[in-house]
Every structure is written in C-alpha cells, then in structure tokens.
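A short worksheet on the structure shown next.
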Amino acid sequence: MILTVTLNPAIDVTYRVASIVLGEAHRVSDVDTRAGGKGVNVANVLTQLGEPVTMTGLGGTGFPLMQDFFPIGGACRRTLVVTDGIDGTGFWEPGPQVTAAEWSGFLDHYTALLTWSEARVVVLSGSLPPGLPEVAYARLIDIAHAHGARSILDTSGAPLRLGLVAEPDLIKPNAREMGDVVGASRRTTIVASKGPDGLEATTADGVFVVRPPRPIAGNPTGAGDACVAALARGLRDGTAWPALLADAVALSAAAVAAPVAGTFDHDLYLQIRTEINP
Ligand SMILES: O=P(O)(O)OC[C@H]1O[C@](O)(CO)[C@@H](O)[C@H]1O
C-alpha cells in the first residue's frame with residue numbers, strides 16, 4: 001500500500017478561458033472544482049492506475065474528502081488555475097493556521113496509520129500550512145522509516161532543505177528547486193524534473209535520463225503529481241530505473257493532456273509509454 005500525506009490540501013478551482021491577457025477581464029467558459037493538493041492528486045492518479053492507496057493529511061473545514069485526514073479547525077484553502085488549454089497559470093492560497101495541539105494530534109494519528117496500514121511507501125507532498133514547524137517533513141520521514149516504509153518528498157524551500165536531514169529515499173525537485181537539494185545525502189535518489197525535457201535520475205546505480213518523445217500541450221498543473229505517483233509505484237515494486245522513468249515521463253505527459261490536476265489521459269499514457277520503450 002502507498003500512503004500519501006497532504007498537510008496543506010486545497011479546493012482546486014480550474015478556470016478555462018480562450019486566452020489570458022494580464023490586466024484584462026476574462027469570460028470563463030468552464031469551471032472545475034475538486035478536492036486537491038499534491039498528495040491528493042498523487043492518490044487520485046494511483047487510484048486510476050488501480051493501485052491501493054490511502055490518503056491522510058490535515059483536513060480543514062470545507063475539505064470534502066476526509067477519509068483518513070485529521071480534522072483541524074481552520075478553513076481549507078483554495079487554489080486557482082487559469083488555463084487556455086495550451087498552458088496554465090496558478091494562484092495558491094497559503095492555507096489555514098495550524099495549532100501546536102493539532103500538529104501533535106496529527107503526529108499520533110499518522111503514527112497509528114503507519115502501524116496498522118502496512119504502508120510500504122509514504123509520499124509527502126506540497127507546501128506546509130502556516131503554524132507547522134519547517135522540520136515537519138523530517139519528522140514524518142523519520143516516523144515512516146521507523147515503521148519500515150520508504151519515503152518520497154516533493155516540496156520546496158526550507159521544508160525541502162530541512163526534510164533532507166531525514167534522508168528521504170527519493171526527492172523530485174524541478175529546475176527552481178535544484179538549489180535546495182545541494183546537501184542531499186548520497187542515499188537519497190534525486191529525480192530532477194526538467195519539464196518538456198523529461199526526467200534525470202541520480203541514483204546509487206548511476207544517472208538515467210528519459211525524455212518525452214514529443215511535446216504535449218494542455219494544462220501542466222498536476223503533471224508533477226502524476227510523475228510522483230509513477231515513482232511511488234516503481235519504488236514500491238523495485239522497478240529498474242529506465243522503465244520506471246519511462247513510466248513517470250509517460251504519466252506526466254498524459255496528465256498535461258488532461259484538463260485538471262489529479263487526472264490523466266489513459267490512452268495517451270499507454271501510447272507514450274510504448275513510444276519511449278526503454
Ligand atoms: O502544496 P502546494 O505546493 O501549495 O501546491 C498545491 C497545488 O499543487 C497542485 O497539487 C498541483 O501540483 C494543485 O492541485 C494545488 O493544490
């Protein structure tokens with residue numbers, strides 16, 4: 001089983017417009033509203049792939065997908081993506097203020113989940129809401145490792161730099177985040193996402209690069225989450241790096257082609273997977 005952790009989930013709103021012009025008013029042709037946040041998107045992609053997954057995190061008021069989320073008193077944030085079908089522009093609210101008692105309650109809840117769920121891989125994704133310590137991810141990685149689970153960390157800035165101290169098994173920085181991973185332990189695999197140029201994995205077995213066979217237009221929001229879903233499945237199964245990266249590149253591209261984050265175009269995924277064929 002794969003456990004995804006979303007400490008700062010969101011109600012993701014996606015607006016479709018004909019084109020985006022700064023300083024102008026826009027007529028919205030389509031509105032999509034759904035529960036999101038990076039770990040939720042990873043879990044949704046894994047579910048569509050038929051993989052067993054459990055979601056947890058901090059569920060503020062108004063967050064509709066409570067399941068194994070730990071309830072907190074603040075309101076769930078919203079995020080907004082405006083897309084013209086060729087690209088997307090995102091606006092991320094900061095999230096609710098989390099109290100020390102809520103964080104401590106979540107740590108107990110998370111430890112209990114790891115004890116009974118037999119999670120083999122824990123995916124920790126996204127920003128931290130206000131009030132959480134910047135070492136939050138390091139703490140959660142330590143607990144995951146103590147329960148025999150492997151860990152994937154997908155975040156940025158101080159939570160990423162401090163999370164590295166706990167030696168996550170895998171991180172997935174983009175070009176902007178590469179400066180944050182300079183001190184990463186040799187035990188941590190770095191899968192650098194290079195946008196349209198694909199993925200480069202620096203691993204204990206060497207460096208592997210896989211590029212998408214052709215450019216895909218659409219809404220790139222959530223493509224990184226689809227990539228993490230493939231990496232989590234591959235880490236759980238011990239898939240060899242060339243095949244694992246091909247899977248992650250194909251799933252990311254198929255997510256760009258889907259209109260909203262947390263979904264992907266299944267036919268395109270299989271097609272690109274065959275085209276890469278490592
Ligand atoms: O947690 P953050 O880094 O603020 O990112 C949140 C956002 O990222 C996405 O997961 C896309 O990757 C959106 O669904 C949105 O909720």
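The structure displayed is predicted, hence computed values, not measured ones. In each ligand, atom 1 is the first atom listed, and ligand 1 is the first ligand listed.
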Discussion item. Please determine whether side-chain contact (heavy atoms from CB on, under 4.5 Å) holds for the pair V228 and K38, giving the CA-CA distance in whole Å, both sets of side-chain angles, and the decisive distance to 0.1 Å.
Written reply: CA-CA 9 Å; V228 169; K38 292 197 182 330; over 6 Å; no
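For R211, the CZ atom is loosely surrounded, since the number of other residues' heavy atoms within 6.0 Å does not exceed 12. Residue R34 qualifies as enclosed at atom CZ: its count of foreign heavy atoms under 6.0 Å is above 12.
Remark: E177 engages no residue in a salt bridge (Lys or Arg N to Asp or Glu O under 4.0 Å) (not counting sequence neighbours). Residues meeting the salt bridge (Lys or Arg N to Asp or Glu O under 4.0 Å) test with R27, sequence neighbours left out: none. Judged as a salt bridge (Lys or Arg N to Asp or Glu O under 4.0 Å), and not counting sequence neighbours, the contacts of D169 are R150.
Residues of the protein with a heavy atom under 4.0 Å from ligand 1 are A10, D12, G37, K38, N41, R77, T79, W92, G126, S127, T221, G222, D225, listed by chain and number.
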